[in-house]
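Single-structure report; data block below.
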Amino acid sequence: MPNHESNATSSRLAGFYSQDIDARVLQVARWAALSDAEVAVLRGAEGLDTGRADQMIENVVGTYCLPLAIAVNFVVNGRDVLVPMCIEEPSVIAGASLAAKLARAGGGFQADTSAPEMIGQLQVLDVPDLDAACSAILAAQEELLALANETDPILVRLGGGARDLEVRILEQTPAGPMLVVHLILDCRDAMGANAVNTACEALAPRVEAITGGRVALRILSNLADRRLAQARCTVPVEKLAFRGYSGERVARGIVEAWAFAAADPYRAATHNKGIMNGVDAVVMATGNDWRAVEAGAHAYAAHSGTYTSLSTWGRDERGNLVGELEMPLALGIVGGATRVHPTAQVALKILGVQTARQLAEIVAAVGLAQNLAALRALATEGIQRGHMRLHARQVAIAAGAAGDEISQIAERMNDEGIVRSDRAQSILAEMREPIPEPQVIANYE
Ligand code: MEV
């Protein structure tokens, strides 16, 4: 077990960025007490093979790899955390680590979650009397919850299970009026899609009998607005100063940038995409369903009726920067790919989480950190300076560079301020041009 509780290990791994992969792996392995087999999985030498992949989905022909990295500096609820993130985009890991360092100076991230309750929906059509049907469903609540619980006795034994029923009438839809029954199910440490869908299907015949209607869809809702995670951080204003920008100037710029997203859906979509850069990368590393999390996040961002920012940024009485993020996070640490994918298992071990709620708290903190990093750059020198520096390597690879050529070409393009594939190709051609043999001129004298 990693020694998170005593906080004897610090996630503040100075210089991690400049080490080689072997040294980084060694640090993470020590930090999380990984076995040799787990290290092999982390490095990609072992991990998801086609045999196991074939058990996960249909028509498998291979596997698809993405980079896995560790974001450093995170403190979440007083505990140091190293965060495994799986993503193809440069700057995300550097941004998260930098923002976590800023938040660390203010005590790190405070995060919380509501109960892990998911909503299952039953669509009831052709109901003769909608109001009477609503009352009848609510009157039969106890019976229906018991029926739902019969579908998953293990979940009930673990302290989860059916919690509540809600009924809603949709008066006007393209298919006419309909009744919607919501089953609220506490999924504990599972994401819960299977448990919810099974329970909804089990309830359908009784719901038809009680309402006199016809049940059509029986499926969970990805607008998991009863399964929320919140993260909060305070960054001391002086810590925000960098490269000639005062802390005051950066803090003001970040609040102004947030105000733009708060007021404009076009900006909010990009602002929230930045949050999801961090969220999705941890969700993927831990084998969770990132499409479900994406769907929930964006639907929640529009829950006021207008699509807006998932985060808020402001100042406290001392002028320090205060950020908050609230979003649905339907995550599991048992079942599905979290258990089957070997790398997801190692990622969960590195995170040292014991519950799905702890995982959601870390993910919310990473989302807020990612947002802070993006707004800090956007409100000052712009996003391209840092981004292009890292992006240059990918441009060099795409142009055909290999080995040492990659960093040499990237460095030259960065120095010139031209990061483009045509420039990478011409530098590469120049570097590979054969050097003419020195001519030996015979001296007959
Ligand atoms: C790029 O992947 C993410 C950003 O566009 C987020 C933002 O604009 O806030 C930089």
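Both counts, for ligands and for their atoms, begin at 1 and track the order of listing. None of these values were measured; they are calculated from a predicted model. These values consider heavy atoms only, across backbone and side chains, with no hydrogens, waters or symmetry-generated copies.
- Listed by number with element, the atoms of ligand 1 under 4.0 angstrom from any heavy atom of H271 are 9 (O).
- In I383, the part holding a heavy atom less than 4.0 Å from any atom of ligand 1 is the side chain.
- Counted by atom type alone, R104 and S11 present one or more donor-acceptor pairs between their side chains at under 3.5 Å.
- Closest to atom 5 (O) of ligand 1 among all protein heavy atoms lies T270 CG2, 3.5 Å.
- One side chain, Y300 or E326, offers a donor N or O that lies under 3.5 Å from an acceptor on the other.
- The residues E430 and R412 are annotated as salt-bridged, a charged nitrogen and a carboxylate oxygen being separated by less than 4.0 angstrom.
- A heavy-atom distance below 4.5 Å is found between the side chains of L372 and W313.
- Every atom of ligand 1 with a heavy atom of L378 under 4.0 Å away is listed here by number and element: 7 (C), 8 (O), 9 (O).
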Exercise for review: Show your reasoning for whether salt bridge (charged side-chain N to carboxylate O under 4.0 Å, His left out) applies to R318 and D316.
Suggested key: CA-CA 5 Å; R318 293 197 187 128; D316 68 10; 5.8 Å; no

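- Using a 4.5 Å heavy-atom threshold, the side chains of L321 and L102 count as separate.
- Any N or O atom pair closer than 3.5 Å counts here, and R267 shares at least one such pair with ligand 1.
- Heavy-atom proximity to K273, at under 4.0 Å, picks out these atoms of ligand 1: 1 (C), 2 (O).
- Summary of contacts: the protein heavy atom closest to atom 3 (C) of ligand 1 is N277 ND2, 3.5 Å.
- Using a 4.0 Å cut-off between heavy atoms, V92 makes no contact with ligand 1 at all.
- Ion pairing between a basic and an acidic side chain is recognised when a charged N comes within 4.0 Å of a carboxylate O; R43 and D22 show such pairing.
- In terms of polar-atom proximity, defined here as any N/O pair under 3.5 Å, E89 does make such a contact with ligand 1.
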